[in-house]
Asks: 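Structure below; questions to follow.
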Amino acid sequence: MSELPTWLADAVRCPRTGASLTPHPATGTPISYRTVGVSPTLSYPVREGIVVLLADEAEALE
């Protein structure tokens, strides 16, 4: 999976905070999507090319 198309990235938000998401790593195939501008940063996994946007799947990063 590559980075989300702009129209979709603008619509998809963190289910816990409503923050926008950014791919990690920023280049290449993302292994997760992380929240932007919130603390703690939350990371949502990518499984089989699909971002898992379930609040229970989020990992808090420090």
Side-chain angles (χ1 to χ4, degrees):
M1 177 180 167
S2 60
E3 188 172 338
L4 293 174
T6 301
W7 65 268
L8 183 55
D10 290 343
V12 174
R13 301 284 181 208
C14 170
R16 284 190 184 177
T17 66
S20 60
L21 300 169
T22 187
H24 178 76
T27 58
T29 303
I31 58 170
S32 68
Y33 278 78
R34 294 180 177 183
T35 55
V36 176
V38 296
S39 182
T41 298
L42 299 174
S43 178
Y44 291 91
V46 174
R47 294 195 186 119
E48 297 181 26
I50 299 170
V51 183
V52 181
L53 291 176
L54 300 172
D56 292 342
E57 294 288 327
E59 177 185 350
L61 305 175
E62 296 190 19

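Numbers here simply count residues along the sequence, with the first being 1.
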Asks: For the atom pair CG (Leu21) and CG (Leu42), what is the distance rounded to the nearest 0.5 Å?
Replies: 9.0 Å
Asks: Check whether any side-chain heavy atom of Pro40 lies under 4.5 Å from a side-chain heavy atom of Leu61, and answer yes or no.
Replies: no
Asks: Please give me the minimum heavy-atom distance between Thr35 and Ala19, naming the atom from each residue.
Replies: CB-CB, 4.1 Å
Asks: Sequence neighbours left out, what passes salt bridge (Lys or Arg N to Asp or Glu O under 4.0 Å) with Glu59? Give chain and number order.
Replies: none
Asks: Does Leu54 sit in a hydrophobic cluster with other residues, and if so which ones, taking ILVMFWY side chains as linked at heavy-atom separations under 4.5 Å, directly or through other members?
Replies: Val52
Asks: Tell me every residue that passes side chain to side chain donor-acceptor pair (under 3.5 Å) with Ser32, counting only those two or more places apart in sequence or in another chain.
Replies: Ser43
Asks: Under 4.5 Å between any side-chain heavy atoms of Val46 and Ile31, yes or no?
Replies: no
Asks: Restricting to pairs with a member in residues 26-47, which pass salt bridge (Lys or Arg N to Asp or Glu O under 4.0 Å), not counting sequence neighbours?
Replies: Arg47-Glu57
Asks: Got Tyr44 and Cys14 here, is their nearest side-chain heavy-atom distance under 4.5 Å?
Replies: yes
Asks: Transitively linked via ILVMFWY side-chain contacts under 4.5 Å: Val51 with Trp7?
Replies: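 In one cluster with Val51: Trp7, yes.
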Asks: Please, which pairs that meet salt bridge (Lys or Arg N to Asp or Glu O under 4.0 Å) have at least one residue in residues 14-29, sequence neighbours excluded?
Replies: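 Sorted result for residues 14-29: empty, none.
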Asks: Excluding sequence neighbours, so at least two apart, what forms side-chain contact (heavy atoms from CB on, under 4.5 Å) with Arg13?
Replies: Ser20
Asks: Quick one: which residue pairs count as a salt bridge (Lys or Arg N to Asp or Glu O under 4.0 Å) with a foot in residues 17-30, not counting sequence neighbours?
Replies: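 Sorted result for residues 17-30: empty, none.
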